[in-house]
Amino acid sequence: MTITNTTTAGSGTVEHLDRGPLSMGELAAVIAGDIPAGVYVNLGIGQPTRIADHLSAEQGIVLHTENGMLGMGPAAQGDEIDPDLTNAGKVPVTELPGAAYFHHADSFAMMRGGHLDVCVLGAYQVAANGDLANWHTGRSDDIPAVGGAMDLAIGAKSVFIMMTLFAKDGSPKLVPGCTYPLTGVGCVSRVYTDHGVFEVGPDRRQNVSVIATYGISVSALRSRLDVRLAEA
Amino acid sequence: MTITNTTTAGSGTVEHLDRGPLSMGELAAVIAGDIPAGVYVNLGIGQPTRIADHLSAEQGIVLHTENGMLGMGPAAQGDEIDPDLTNAGKVPVTELPGAAYFHHADSFAMMRGGHLDVCVLGAYQVAANGDLANWHTGRSDDIPAVGGAMDLAIGAKSVFIMMTLFAKDGSPKLVPGCTYPLTGVGCVSRVYTDHGVFEVGPDRRQNVSVIATYGISVSALRSRLDVRLAEA
Amino acid sequence: MSRTELLETADEAVAGIEDGATILVGGFGLAGMPFDLIDALIRQGAKDLMIVANNAGNGEVGLAALLKAGRVRKVLCSFPRQSDSWVFDELYRAGKVELEVVPQGNLAERMRAAGAGIGAFFCPTAVGTPLAEGKETRMIDGREYVLEYPIKGDYALIAAHRADRLGNLVYRMTARNFGPVMATAGTTTIVQVSEVVDTGTLDPEAVVTPSIYVDRVVQVDARHYTVQGAR
Amino acid sequence: MSRTELLETADEAVAGIEDGATILVGGFGLAGMPFDLIDALIRQGAKDLMIVANNAGNGEVGLAALLKAGRVRKVLCSFPRQSDSWVFDELYRAGKVELEVVPQGNLAERMRAAGAGIGAFFCPTAVGTPLAEGKETRMIDGREYVLEYPIKGDYALIAAHRADRLGNLVYRMTARNFGPVMATAGTTTIVQVSEVVDTGTLDPEAVVTPSIYVDRVVQVDARHYTVQGAR
């Protein structure tokens with residue numbers, strides 16, 4: 001499958017109407033294609049982890065895992081599995097040449113200090129102004145657990161979101177304002193979903209820019225979302 | 001030369017009247033004898049550096065140098081000299097087994113965090129309440145230079161001072177209140193001088209306790225100092 | 001901190017831990033968790049403990065076993081809820097354990113501050129979220145920050161890879177995680193290691209935790225737990 | 001920070017440094033001072049510089065040479081006055097260079113804060129001294145602290161021992177000093193090393209500065225200066 005790289009923002013919205021919405025695997029490939037060569041990236045636990053499968057060695061992208069490593073390799077298989085070497089999702093991983101280990105305070109200093117170029121996170125909701133909710137449903141019977149989500153949200157130079165555009169009940173996850181407890185304020189710059197790619201953020205004054213759509217037109221999206229969509 | 005160890009505070013003031021004041025070398029030996037075995041110590045630049053010559057291997061004392069090392073050995077001689085290995089006075093030193101190197105932020109975190117047991121500093125003036133002045137004469141033509149003095153003054157669990165009791169002009173350096181710009185407030189616990197050893201500090205309400213004297217009696221010291229001296 | 005004690009057993013290593021103590025417990029999930037020290041702590045019997053750790057236990061081992069033994073009053077952590085945190089979940093829902101959730105990086109930085117003598121610091125993480133509610137905030141250079149205070153432990157219980165006889169430590173891969181930071185923030189730092197080596201055999205350039213931070217060391221046999229579905 | 005550039009000459013490494021820039025310069029005395037980068041900076045010509053370093057130059061080399069060339073507007077350091085700092089002393093007494101003195105540990109911690117995204121921190125150092133005058137103070141848990149702000153550099157110029165081709169760094173003994181902290185606090189971090197080795201040959205457990213902090217690397221021939229009476 002070839003999908004046009006979406007990084008050409010400002011060159012107009014691309015509507016992919018000859019196909020359905022993206023699968024999560026396809027979406028991972030789109031995001032991988034949009035990450036510039038040679039940058040430092042943190043892939044959040046869950047779906048964003050899949051982006052690693054679509055990064056090529058030529059891109060020279062270095063993966064950070066917040067439990068204390070740069071130069072993380074693919075998931076470990078068989079004899080490679082070492083309980084002392086895991087990613088932030090506690091899945092056994094491998095080490096690439098040029099890796100470095102560091103402790104938690106150093107690892108989060110790296111994030112908080114703005115040294116990571118990109119991080120990709122999942123989300124419950126993203127607002128047009130870039131607010132992110134991805135750590136707590138707000139239900140009273142939920143046990144709250146934040147992990148590194150808030151640190152990642154405010155730390156990376158660019159925060160990308162990878163999610164389905166609609167929840168299982170059909171409600172949009174790209175919203176005028178988050179109703180779930182926030183993870184970060186105005187921190188998201190780009191939202192990658194199965195139905196389209198969007199630019200959001202505090203500078204956009206509620207005006208979400210549509211970079212690409214998949215299996216749906218911009219005008220059809222307008223009827224399903226409560227946010228103001230602008231062509232890129 | 002054998003001088004009674006002075007650590008037996010509370011067991012009475014010892015007047016050494018059968019001799020003159022201590023030389024700086026003798027004073028270094030007295031301080032070395034008072035440093036408990038197995039502790040972590042920083043010796044300030046200048047005279048305190050000489051204390052190292054009087055520490056025995058059996059004491060198991062580990063020396064810290066604030067430019068980034070624990071396990072510092074004696075001064076380097078001849079072929080041992082390596083421009084990458086110096087102490088805080090920028091003098092070439094050596095490395096002992098069990099040494100560790102760290103960067104400046106880690107080194108000063110170690111000090112500021114209260115992990116060093118003892119540091120020994122020189123002084124222009126020490127006040128009865130433990131105030132220390134050792135970085136600036138306050139003369140307007142002096143170029144101020146503080147280095148790690150203020151960090152050391154507030155960092156170690158015990159701050160010892162090593163100095164002559166009187167300045168070259170005969171004025172006492174153990175004073176009711178410092179007139180020179182301060183390095184730290186209430187930070188000194190013990191003052192080692194050629195004429196005697198004193199306990200000072202914020203809890204003593206201006207009452208300096210005399211642990212030992214050398215070549216002078218407590219009553220003679222009372223006539224030469226402006227601070228209230230109490231027997232130990 | 002004065003000379004490090006090398007002890008024969010984990011039981012000796014945890015001796016003296018008082019009821020009500022605040023204990024920093026290393027590990028990220030199972031990697032770097034001081035299993036032997038925690039098992040010894042369960043035998044030792046201290047109760048009413050405040051535990052500071054990244055997680056709140058996995059399966060039935062380590063912190064989960066300590067929780068199950070009913071010794072923990074409160075957990076301060078970043079990520080209690082996991083697929084295998086059933087011990088904690090049950091105690092929490094039954095109101096038998098308190099929980100305070102802190103962003104992972106703040107947890108690390110607050111312990112670093114405790115070890116480094118910093119009184120408090122302005123941190124951009126969690127601004128505008130429920131985890132900053134009630135905390136002092138300030139605009140600095142056009143950005144909003146929350147004031148965060150140090151977290152100090154009466155004890156730190158951590159696992160490292162090797163120690164020399166002086167107490168210098170090295171870790172292994174991502175099992176390093178919270179160990180070096182907790183070592184600085186614990187009044188008494190207790191370490192289990194896989195190997196004790198002669199002083200002078202660790203590379204001074206590669207020591208991660210200098211001996212000054214280490215009070216007690218015990219060598220333990222390698223044990224690795226795997227918990228299905230851990231994350 | 002994106003991929004590290006490996007450059008052939010120190011002149012290429014310092015290209016683009018603007019007049020008026022704030023430059024963090026590594027080294028404690030002569031150990032760890034990036035002599036070749038400073039010499040290249042003198043050739044490059046940038047002026048009106050604000051220099052952040054521990055000292056203000058020794059003898060006639062390194063920072064002292066940069067000062068002598070008249071390129072420095074202000075020095076922020078902990079210890080300018082030394083037996084061999086005659087270049088700085090003369091400029092200072094002639095009113096040709098500004099000086100701001102900062103305790104050595106605050107210098108390091110303020111750069112660490114810049115690199116770690118901390119907005120400000122309460123520090124016990126210098127409380128009650130002239131170096132705390134005019135600064136905000138606060139009592140926390142019965143102890144007084146001074147509020148200190150980050151020091152960020154437009155550039156950091158540091159010396160390390162080895163780099164791999166990705167930009168990971170290791171240092172040598174006490175020449176490590178300010179390098180790792182400055183690397184995190186410089187917007188553009190430029191490093192001179194004695195050796196560039198293949199990626200994968202540095203021990204990942206012993207990397208001190210991960211490549212993410214390193215923008216440009218240049219290999220230079222070993223040069224060591226000794227200045228009589230240096231301290």
Side-chain angles (χ1 to χ4, degrees), chain B residues 45-46 49 65-69 72 81-95 99-114 131-133 135-136 138 141-155 178 180-187, chain D residues 28-32 54-56 58 77-82 85 88-89 92-93 99 101-113 115-116 123-132 143-144 161 171-182 184 208-209 224-227 230-231:
Chain B
I45 59 179
T49 305
T65 180
E66 63 263 36
N67 49 322
M69 180 187 198
M72 180 175 67
I81 292 172
D82 186 319
D84 284 346
L85 180 51
T86 72
N87 66 13
K90 301 178 183 110
V91 175
V93 292
T94 52
E95 169 191 302
Y101 296 102
F102 28 82
H103 62 58
H104 250 76
D106 280 350
S107 184
F108 281 80
M110 194 180 282
M111 288 161 48
R112 196 190 308 108
D131 286 1
L132 169 65
W135 74 287
H136 196 341
D141 63 335
D142 243 30
I143 299 178
V146 68
M150 290 186 182
D151 307 274
L152 283 162
I154 60 98
C178 294
Y180 285 14
L182 290 188
T183 306
V185 174
C187 56
Chain D
F28 180 78
L30 302 174
N54 191 64
N55 306 107
N58 308 74
C77 75
S78 90
F79 208 80
R81 184 197 65 217
Q82 306 186 111
S85 60
F88 172 81
D89 298 0
Y92 178 74
R93 292 188 199 284
L99 170 65
V101 171
V102 168
Q104 197 170 331
N106 289 11
L107 190 62
E109 187 71 11
R110 289 172 65 184
M111 288 190 283
R112 190 226 171 236
C123 183
T125 310
V127 165
T129 78
L131 296 187
R143 190 175 194 188
E144 193 175 345
H161 182 46
Y171 301 81
R172 200 164 163 275
M173 301 191 283
T174 58
R176 184 185 302 196
N177 57 68
F178 284 94
V181 182
M182 289 180 169
T184 71
V208 175
T209 296
H224 282 303
Y225 293 96
T226 319
V227 175
R231 57 157 268 192

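In the text below, chain A, chain B and the rest are named by the order of the sequence lines, each starting its count at 1. Every heavy atom of this structure was used, including side-chain atoms; hydrogens, water molecules and symmetry mates were not.
Taking the ring pair (Phe, Tyr, Trp, His ring centres under 6.0 Å) definition, one finds that Phe28(D) meets it with His104(B), sequence neighbours left out. Contacts of Tyr101(B) classified as ring pair (Phe, Tyr, Trp, His ring centres under 6.0 Å), with partners at least two apart in sequence or in another chain: none.
Test Thr125(D), Asn106(D), Val102(D) against Met150(B) for side chain to side chain contact (heavy atoms under 4.5 Å, CB included) and you get one pass: Thr125(D).
No other option in Gly68(B), Ala105(B), Ala99(B) has as many heavy-atom pairs under 4.5 Å with chain D as Ala105(B). For the options Met69(B), Arg112(B), Met72(B), heavy-atom pairs under 4.5 Å to chain D are most numerous at Arg112(B). Highest contact tally toward chain B, considering only Asn54(D), Val208(D), Val101(D), is held by Val101(D) [criterion: heavy-atom pairs under 4.5 Å]. Of the listed residues (Asn87(B), Asp142(B), Val93(B), Asp141(B)), the one with the most heavy-atom contacts under 4.5 Å to chain D is Asp141(B). Among the candidates Gly29(D), Ala56(D), Pro103(D), the residue making the largest number of heavy-atom pairs closer than 4.5 Å to chain B is Pro103(D). Chain B forms more heavy-atom pairs under 4.5 Å with one residue of Glu144(D), Arg110(D), Met173(D), Arg93(D) than with any other, namely Met173(D).
Only the backbone of Thr183(B) comes within less than 4.5 Å of a heavy atom in chain D; its side chain stays farther off. At a 4.5 Å heavy-atom cutoff, the contact between Phe88(D) and chain B is made by side-chain atoms alone. Of the atoms belonging to Leu99(D), it is side-chain heavy atoms, and not backbone ones, that fall under 4.5 Å from chain B. Neither the backbone nor the side chain of Asp131(B) comes within less than 4.5 Å of any heavy atom of chain D. When heavy atoms are compared at a cutoff of 4.5 Å, Phe178(D) approaches chain B by way of both its backbone and its side chain.
The NE2 atom of His136(B) lies 11.0 Å from the OG1 atom of Thr129(D); values are rounded to the nearest 0.5 Å. The line from CD1 of Ile154(B) to SG of Cys123(D) is 6.5 Å long, rounded to the nearest 0.5 Å. Ile143(B) CD1 to Asp89(D) CG: the interatomic distance, rounded to the nearest 0.5 Å, is 4.0 Å. Atom NZ of Lys90(B) is separated from atom CG of Leu30(D) by 8.5 Å, given to the nearest 0.5 angstrom.
The two residues Phe79(D) and Ala145(B) have their closest heavy-atom pair at CD1-CB, 3.7 Å. Taking every heavy atom of both residues into account, Val185(B) and Gly128(D) meet most closely at CG2-CA, 3.8 Å.
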Should Val146(B) and Leu131(D) be marked as a side-chain contact (heavy atoms from CB on, under 4.5 Å) after you check the CA-CA gap, both sets of side-chain angles, and the distance that decides it?
-> CA-CA 9 Å; Val146(B) 68; Leu131(D) 296 187; 3.8 Å; yes
Passes side-chain contact (heavy atoms from CB on, under 4.5 Å), Phe108(B) versus Gln104(D)? Steps please.
-> CA-CA 8 Å; Phe108(B) 281 80; Gln104(D) 197 170 331; 3.5 Å; yes
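Side chain of Arg81(D) to backbone of Pro144(B): no donor-acceptor contact under 3.5 angstrom is found. Between the side chain of Asn177(D) and the backbone N or O of Asn67(B) there is no donor-acceptor pair closer than 3.5 Å.
One finds a salt bridge joining Asp82(B) and Arg172(D) here, because a Lys/Arg side-chain nitrogen approaches an Asp/Glu carboxylate oxygen to under 4.0 Å.
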